[in-house]
Amino acid sequence: MAPLWRISTWLNTPAPIDLEAQRGHVVVACAFQMLCPGCVTHAIPQIKAVHELFVPQGVIVVGLHAVFEHHDAMTVTALRAFVHEYGIHFPVGVDTPADDGGSIPQTMAAYQMQGTPTLLLIDRAGRLRRQIFGHIPDLSLGAEIMRLVAEQ
């Protein structure tokens with residue numbers, strides 16, 4: 001099963017997104033940092049397109065802001081401005097900092113992410129079906145999402 005998200009703050013949603021409550025839906029999550037060049041150049045535009053194309057088909061799209069460096073610069077206030085400026089309309093959760101004061105936030109650690117951007121594809125049963133570090137071509141990602149959507 002996909003590890004539960006440990007989120008300290010949610011943006012663009014009236015209520016927290018509980019991963020367990022999303023059973024029955026395909027979930028596509030993108031872990032990013034607003035100061036990550038690959039995230040800004042590739043991952044954010046891609047996940048925005050996924051949101052536009054697949055939400056009408058019942059896919060849940062979520063951003064996970066996983067800060068593991070430059071902690072002082074990437075505040076929730078700065079993230080709110082970033083989300084507004086980049087036109088991000090899907091829910092974005094701020095990964096909870098490590099309990100031990102370390103640099104790797106809790107959700108990032110639970111998924112053993114190597115860095116950002118990281119895409120998570122979670123099936124209707126709540127199983128983590130694919131975790132992709134870095135960029136995946138749009139057509140490949142679309143095909144993988146459709147494969148999960150088509151499963152019953």
Side-chain angles (χ1 to χ4, degrees), residues 1-122 126 128-138 141-142 144-145 148-149:
M1 299 308 289
L4 296 180
W5 298 332
R6 297 176 183 116
I7 304 299
S8 61
T9 303
W10 282 98
L11 307 178
N12 292 343
T13 182
I17 306 295
D18 177 4
L19 186 56
E20 285 185 328
Q22 304 315 309
R23 298 263 169 85
H25 295 277
V26 171
V27 177
V28 179
C30 177
F32 72 96
Q33 291 187 97
M34 63 183 155
L35 294 180
C36 162
C39 297
V40 173
T41 304
H42 300 291
I44 299 288
Q46 185 177 60
I47 199 72
K48 285 174 61 178
V50 167
H51 181 254
E52 289 176 24
L53 294 169
F54 292 102
V55 165
Q57 296 177 47
V59 174
I60 307 297
V61 177
V62 176
L64 301 172
H65 193 241
V67 178
F68 61 91
E69 58 188 356
H70 309 299
H71 290 85
D72 293 339
M74 291 195 265
T75 64
V76 172
T77 301
L79 179 61
R80 284 185 207 286
F82 178 87
V83 164
H84 174 75
E85 289 299 319
Y86 280 84
I88 297 169
H89 301 293
F90 49 83
V92 175
V94 177
D95 199 351
T96 300
D99 284 334
D100 62 4
S103 63
I104 306 300
Q106 293 181 27
T107 302
M108 187 175 198
Y111 281 84
Q112 299 178 353
M113 292 181 199
Q114 298 172 354
T116 57
T118 295
L119 274 168
L120 306 172
L121 302 179
I122 300 168
L128 178 63
R129 294 286 289 274
R130 186 113 141 76
Q131 182 167 321
I132 305 151
F133 172 56
H135 181 68
I136 179 174
D138 292 344
L141 178 58
E144 289 198 39
I145 293 170
L148 293 176
V149 167

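Computed from a predicted model, the values in this text were never measured in an experiment.
The aromatic rings of His135 and His42 lie tilted to each other, with the angle between the two planes from 30° to 60°.
Separating the CZ atom in Arg23 from the CE atom in Met1 is a distance of 3.5 Å, to the nearest 0.5 Å. Between Gln33 atom CD and Leu79 atom CG the span is 11.0 Å, to the nearest 0.5 Å. Tyr86 OH to Phe32 CZ: the interatomic distance, rounded to the nearest 0.5 Å, is 11.0 Å. Summarising the geometry, atom CD1 belonging to Ile7 is positioned 11.5 Å from atom OG1 belonging to Thr13; distances are rounded to the nearest 0.5 Å. Here the CZ atom belonging to Arg130 is positioned 9.0 Å from the CG atom belonging to Leu141, to the nearest 0.5 angstrom. Annotation: the span from Asp95 atom CG to Tyr111 atom OH amounts to 10.5 Å, rounded to 0.5 Å.
In terms of heavy-atom proximity, Leu19 sits nearest to Pro3 at CD2-O, 3.4 Å. Taking all atoms of both residues into account, the shortest heavy-atom contact from Ile47 to Phe90 is CG2-CZ, 3.4 Å. Shortest non-hydrogen contact noted between Ile132 and Ile136 is CD1-CD1, 3.8 Å. Across Ala66 and Ala31, no two heavy atoms sit closer than the pair CB-CB, 4.5 Å. In this structure, Pro45 and Val40 approach most closely via the heavy-atom pair CD-O, 3.4 Å. For the pair Leu119 and Cys30, the tightest heavy-atom approach, listed with the atom from each and the gap, is CD2-CB, 4.0 Å.
Side-chain atoms of His65 never come within 3.5 Å of backbone atoms of Val92 as a donor-acceptor pair (strictly under, hydrogens ignored). Side-chain N or O atoms of Thr9 include none that pairs as donor or acceptor with a backbone N or O of Val94 at under 3.5 Å. Between the side chain of Gln106 and the backbone N or O of Pro97, at least one donor-acceptor pair lies under 3.5 Å. Judged purely by atom type and a 3.5 angstrom limit, Thr107 has no side-chain atom pairing as donor or acceptor with the backbone of Trp5. For the pair Gln22 (side chain) and Asp18 (backbone), a donor-acceptor distance under 3.5 Å is present. Looking at Thr116, its side chain never comes within 3.5 Å of a backbone N or O of Thr118 through a donor-acceptor pair.
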task: Report the C-alpha distance between Leu120 and Met113 in whole Å, list the side-chain angles of each, state the deciding distance to 0.1 Å, and finish with yes or no for side chain to side chain contact (heavy atoms under 4.5 Å, CB included).
output: CA-CA 10 Å; Leu120 306 172; Met113 292 181 199; 4.0 Å; yes

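Judged as a ring pair (Phe, Tyr, Trp, His ring centres under 6.0 Å), and not counting sequence neighbours, Phe133 has no contacts.
Contact of the Leu121 side chain with the Val28 side chain is registered, since non-hydrogen atoms from C-beta on lie closer than 4.5 Å.
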